[in-house]
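These notes concern the structure reproduced below.
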Amino acid sequence: MNDTPDLSIDNDDSVEVQSDFIRDAIKEDLRTGRFTKVHTRFPPEPNAYLHIGHAKAIWIDYGIAEEFGGKFNLRFDDTNPMREEQEFVDSIIEDVKWLGADWEDRLFFGSDYFEQMYELAFVLINKGKAYVCDLSPEEMIEMRGTPTEPGIDSPYRNRSIEENIDLFRRMKEGEFPDGARTLRAKIDMASPNLLMRDPAMYRIRHAEHHRQGNKWCIYPMYDWAHGLEDSIEGITHSLCSLEYENHRPLYDWFLDELEIYHPRQIEFARLNMSYTVMSKRRFIELVDGKHVDGYDDPRLPTLAGMRRRGYTPKSIYEFCKRIGVAKTNSVVDPAVLENCIREDLNKHAQRLMAVMNPLKVVITNYPEDEYEELDAVNNPEDLDAGTRKVPFGRELYIEQDDFREDPPPKYFRLSPGREVRLRYAYFIKCEKVIKDADGNIVELHCTYDPETRGGNAPDGRKVKATIHWVSAKHAIEAETRLYEHLFTKPNPDDAPDGEDYISNLNPHSLEIGSCFIEPYAAETKPGDKFQFERVGYFCTDTTSTPHKLVFNRTVTLRDTWAKIEKSAKSPNQFILQP
RNA sequence: UGCCGGAUAGUUCAACUGGCGGAACGCCUGACUCUGGAUCAGGAGGCUCUAGGUUCGAGCCCUAGUCCGGCAGCCA
């Protein structure tokens, strides 16, 4: 889109309607009158932490409701007492709220509808469309058949309506042990869709529910519960991921047989990203195996981890917008995500100077024990952010990478005899390289030009590079945590025989180090976001204290020089024939 | 070997429903710059999975294939 006016800062106010196959379908539904409004829901099961894949779903659900002037519900699909916990309810609420999806006063729990679901089950029983089955789980599996062979009718399939009513009541009353009986829908044991072969609607579980306590001992299955939840809440479009495609006929069957309000289910592809994993099971394995530091480890694609890493809700929404919505199974390059966060932080992050790998510089013609304060711009993308004072003195630290004794071609930074600018300070020229007994460079002797204070030369001479620095006396030492991809391969499952994805863990996914940072950083609080100039974007970690500052690297800056240097080293030369 | 989906640039998506295949990210060039950042300008990159068919005209419709994904929990 090249005609976007550059003047509009952030046009967050105008809710621009995106375009994809789901929105197209909704427009069509509105046009034909199948629905007269839009009402969506995000229905997580409270059994895990949310990850970036859920953010995609949330953006689709919430974004669509917002764009069409409709409503959005947050609903916990808590129909299985064995797997669900309050801890996850809390973390999910926190994450959805953080993302900015607003459910207003519509926070619901599927389990709150258990009574209605129970009553509705009798409608089906009375129609002869549901029956109590005494088959064991093993027998039921056996009689279900296979994709190529039809199943066999349960011997309990033709129980009388009266007996079914009686038995189902007694199931609820707790007369039978776990697994003894189920309530099943009577559909078609020969259906090519396995899900239609008399699926279970209720199972017996004498278990305590995180919300309902011991009130129930029968619990509804997903297929029975979900459509009812949608119907009860007046959902118009029940959006879910592709693996539920085969469930749609069943979703529709229940609602049709019940003759109640009937939302439309539409499925989309879930998000996959390269160089990471995206499942609850693997998060558990990585945490339990101490490969990461917890569910909010900044290397994990959990929303808690991304928040700690320094990602903003806005950048995540932008990411979701860019990857779009389709039915194709796809794998997104994390570079897209990185680009989104760079774009957001570039506009809003406070700039600071921090030196990661210090090399001492002595300004030999600068007076000893004398200091001064220079003005530095807080954010060149946002002049309203103002300026700050940065202390300068005779002894400084610069980045080791910013000096080369023997500079390669196109290297513009400091080298013997060459002049560069210290950002917001002075031009300096390297006069002498000091080495230790082993020949390692330990210190640089430079001279500065007092006329260039602030960074400009009155005589108009130019330098080809500007480097960052800190005053050795004033700098604060802080811990840095530099992150890379969690895995070394785009597809972590691409492992040698006998190995699994764990073998593809990147040993350098976390490098703990330290830096010298200008004193302005002293007051930082967890969650603060900065650009360390010429280095990358950093976020103050949750564990950071004034006594020990800790910064997570959210993402590096783009590094064109690294590319130049890399391509110069690569032997990939072509000789063209004349 | 049954059923349901899917296949368009390196990647993720578009293509006003049958009318000259575009964008973003990535990549390459250049301009500008007190961040080798940002910004701006330009460029390379496609037998639209294959083979037939319908049509004046097919990425789109039809037929037959190929490849990929999902489905045989009393999980969601």
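Residue numbers start from 1 in every chain, and the chains themselves are labelled A, B, ... in the order their sequence lines are given, proteins ahead of strands.
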[options]: which one has an atom nearest the side-chain heavy atoms of [X]?
X	options	result
A/Pro380	B/rU35, B/rU11, B/rC75	B/rU35
A/Thr146	B/rU35, B/rU12, B/rA72	B/rA72
A/Asp24	B/rC75, B/rU17, B/rA72	B/rU17
A/Met140	B/rG37, B/rC74, B/rU12	B/rC74
A/Phe412	B/rA76, B/rC25, B/rG36	B/rG36
A/Val336	B/rC25, B/rU35, B/rG36	B/rC25
A/Val332	B/rG36, B/rA76, B/rU12	B/rU12
A/Thr148	B/rU1, B/rU12, B/rG26	B/rU1

Could you check whether [X] gets within reach of a base, just the sugar-phosphate, or nothing at all, counting any heavy atom under 4.0 Å?
X	answer
A/Ser136	base
A/Val325	sugar-phosphate
A/Tyr426	nothing
A/Asn456	base
A/Glu45	sugar-phosphate
A/Leu422	nothing
A/Glu149	nothing
A/Arg342	nothing
A/Leu135	base
A/Val331	sugar-phosphate
A/His226	nothing
A/Arg248	nothing
A/Thr560	sugar-phosphate

Using the purine O4'-C1'-N9-C4 or pyrimidine O4'-C1'-N1-C2 torsion, is B/rG73 syn (within 90° of 0) or anti? syn
If anything within 90° of 0 is syn and all else is anti, what is B/rU17? syn
Please tell me if [X] has a side-chain N or O lying less than 4.0 Å from either OP1 or OP2 of [N].
X	N	result
A/Thr79	B/rA76	yes
A/Ser274	B/rU11	no
A/Arg144	B/rC74	yes
A/Arg205	B/rC75	yes
A/Arg181	B/rC74	no

Spacing between [X] atom [atom1] and [N] atom [atom2], to the nearest angstrom:
X	N	atom1	atom2	value
A/Glu343	B/rG37	CD	P	16 Å
A/Asn246	B/rA76	CG	P	17 Å
A/Phe21	B/rC13	CZ	P	10 Å
A/Arg41	B/rA76	CZ	C1'	12 Å

Are [X] and [Y] side-chain neighbours, meaning at least one heavy-atom pair lies under 4.5 Å?
X	Y	answer
A/Phe319	A/Ile52	yes
A/Met196	A/Leu250	yes
A/Arg159	A/Val132	yes
A/Leu242	A/Glu245	yes
A/Phe427	A/Arg461	yes

Please determine whether any donor N or O and acceptor N or O are separated by less than 3.5 Å between the side chain of A/Glu381 and the base of B/rU39. no
Nearest 0.5 Å please: distance from the [atom1] atom of [X] over to the [atom2] atom of [Y].
X	Y	atom1	atom2	answer
A/Asp134	A/Ser154	CG	OG	7.5 Å
A/Arg388	A/Leu352	CZ	CG	5.0 Å
A/Ile341	A/Tyr537	CD1	OH	9.0 Å
A/Glu229	A/Trp224	CD	CH2	11.5 Å
A/Tyr219	A/Asn80	OH	CG	9.0 Å

Looking at residues at least two apart in the chain, or sitting in another chain, which of them share a side chain to side chain donor-acceptor pair (under 3.5 Å) with A/Glu381? none
Count the heavy atoms belonging to other residues, nucleotides or ligands that lie under 6.0 Å from NZ of A/Lys464, then report whether that count exceeds 12. no
Flag if over 12 foreign heavy atoms under 6.0 Å of NZ, A/Lys429: no
Is the A/Phe392-A/Trp469 ring centre distance short of 6.0 angstrom? yes
Note: contacts of residues 186-203 of chain A with RNA chain B (heavy atom, under 4.0 Å) are A/Pro192, A/Leu194, A/Ala200, A/Arg203
Taking RNA chain B as the partner, which of residues 218-225 of chain A come within under 4.0 angstrom of it by heavy atom? A/Pro220, A/Met221, A/Tyr222
Please name the pair of heavy atoms, one in A/Asp20 and one in A/Ile22, separated by the smallest distance, quoted to 0.1 Å. OD1-N, 2.9 Å
Using the rule given for salt bridge (charged side-chain N to carboxylate O under 4.0 Å, His left out), can you reason through A/Arg322 versus A/Glu318, listing the C-alpha separation, both sets of side-chain angles and the distance that settles it, and then say yes or no? CA-CA 6 Å; A/Arg322 286 188 195 179; A/Glu318 178 63 24; 2.9 Å; yes
For RNA chain B, what dot-bracket results from Watson-Crick or G-U pairs at under 3.5 Å, with [ ] for crossers and | for inter-strand partners? .((((((..((((.....[..)))).(((((.......))))).....(((((..]....))))))))))).....
5' to 3', nucleotides 27-33 of chain B under a 4.0 Å protein heavy-atom cut-off (B base, S sugar-phosphate only, - none) gives SS-----
Quick one: which protein N/O atoms are closer than 3.5 Å to N/O atoms of nucleotides 5-7 of chain B? Pair and distance per line, please.
from  : atom 1 : to       : atom 2 : distance (Å)
B/rG5 : O2'    : A/Glu245 : OE2    : 3.3

Passes side chain to side chain contact (heavy atoms under 4.5 Å, CB included), A/Asn379 versus A/Gln350? Steps please. CA-CA 6 Å; A/Asn379 184 350; A/Gln350 162 79 43; over 6 Å; no
Identified side chain to side chain contact (heavy atoms under 4.5 Å, CB included) partner of A/Thr466 from the options A/Arg413, A/Arg534, A/Arg423, A/Glu533: A/Arg423
